[in-house]
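Structure first, then comments.
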Amino acid sequence: DSGVTQTPKHLITATGQRVTLRCSPRSGDLSVYWYQQSLDQGLQFLIQYYNGEERAKGNILERFSAQQFPDLHSELNLSSLELGDSALYFCASSEGSNYNEQFFGPGTRLTVL
Amino acid sequence: GQQLNQSPQSMFIQEGEDVSMNCTSSSIFNTWLWYKQDPGEGPVLLIALYKAGELTSNGRLTAQFGITRKDSFLNISASIPSDVGIYFCAGIPGGYQKVTFGTGTKLQVIP
């Protein structure tokens, strides 16, 4: 158990819908990272928040957005969902703002029908 | 998105055998990380490397940071069935730059 929690574990929805994925970092970690893992694209970095502020952006679509709240939990919002958005979405956290030694959550499996 | 090249892509080995896999890039990295992912789970950090030439062990696992800083290697000695999973390398150019993950090596261990 990494100490990072993600909810829900599974999510099934339809195209065009909007969903919110939630992540709670390890106690004491200030950074939260979001990743998308699909069969054909591997593990792709989406976005990082550090202590409530956006720190870095990766391959995140404009239809996706995220935020980190004062209690340091984070939410990833996915809107206008397409079939290709079906993937595992992982949250990771680290103590500092650099990428070393991130700890990953169990992931949310999103299926868009 | 950019990814590191890992090889082999997959491998089947007998229990007890040693395993080697590597990760190569056209770019220089200042940090290399190796993760293992079990089916349906998130990646778990195995080893972190911070200096060119560094050799670090974690039990039966040994990883090396290549001298050119463009590659890294992971060895698993005396494999056991619970070594099954996907192994990912990850490289960080430096400072607060973004991490890039490898394409993964899927390991199957035959008892």
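Lettering of chains follows the sequences in order, A, B, ..., and the numbering in each one begins at 1.
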(message) Using a 6.0 Å cut-off, check whether atom CD of E95(A) has over 12 heavy atoms from anything other than its own residue.
(response) no
(request) Below 4.5 Å from any heavy atom of chain B, which atoms of Q37(A) appear? Answer side chain, backbone, both or neither. (result) side chain
(message) Would you say Y89(A) ends up clustered with L81(A) if hydrophobic residues are merged whenever their side chains have heavy atoms under 4.5 Å apart, either directly or through other cluster members?
(response) yes
(request) Calculate, to the nearest 0.5 Å, the distance between atoms CG and OG1 belonging to L43(A) and T103(B) respectively. (result) 11.5 Å
(request) Working to the nearest 0.5 Å, report the span between CD of Q37(B) and CZ of F104(A). (result) 8.5 Å
(message) With a sphere of 6.0 Å drawn around CD of E53(A), does it hold more than 12 non-hydrogen atoms of other residues, nucleotides or ligands?
(response) no
(request) Verify ring-ring contact (aromatic ring centres under 6.0 Å, His included) between F101(B) and F45(A), making sure each step is shown before the conclusion. (result) CA-CA 8 Å; F101(B) 276 82; F45(A) 168 71; 9.2 Å; no
(request) Report, as yes or no, whether the 6.0 Å neighbourhood of atom CZ on R26(A) holds more than 12 heavy atoms from other residues, nucleotides or ligands. (result) yes
(message) Give me the atom names and distance for the closest heavy-atom approach of Q102(A) to V99(B).
(response) NE2-CG1, 3.9 Å
(request) Look at atom CZ of F69(A) and say whether more than 12 heavy atoms of other residues, nucleotides or ligands are closer to it than 6.0 Å. (result) yes
(request) Report yes if some heavy atom in the side chain of Y35(A) is under 4.5 Å from a heavy atom in the side chain of P43(B); otherwise report no. (result) no
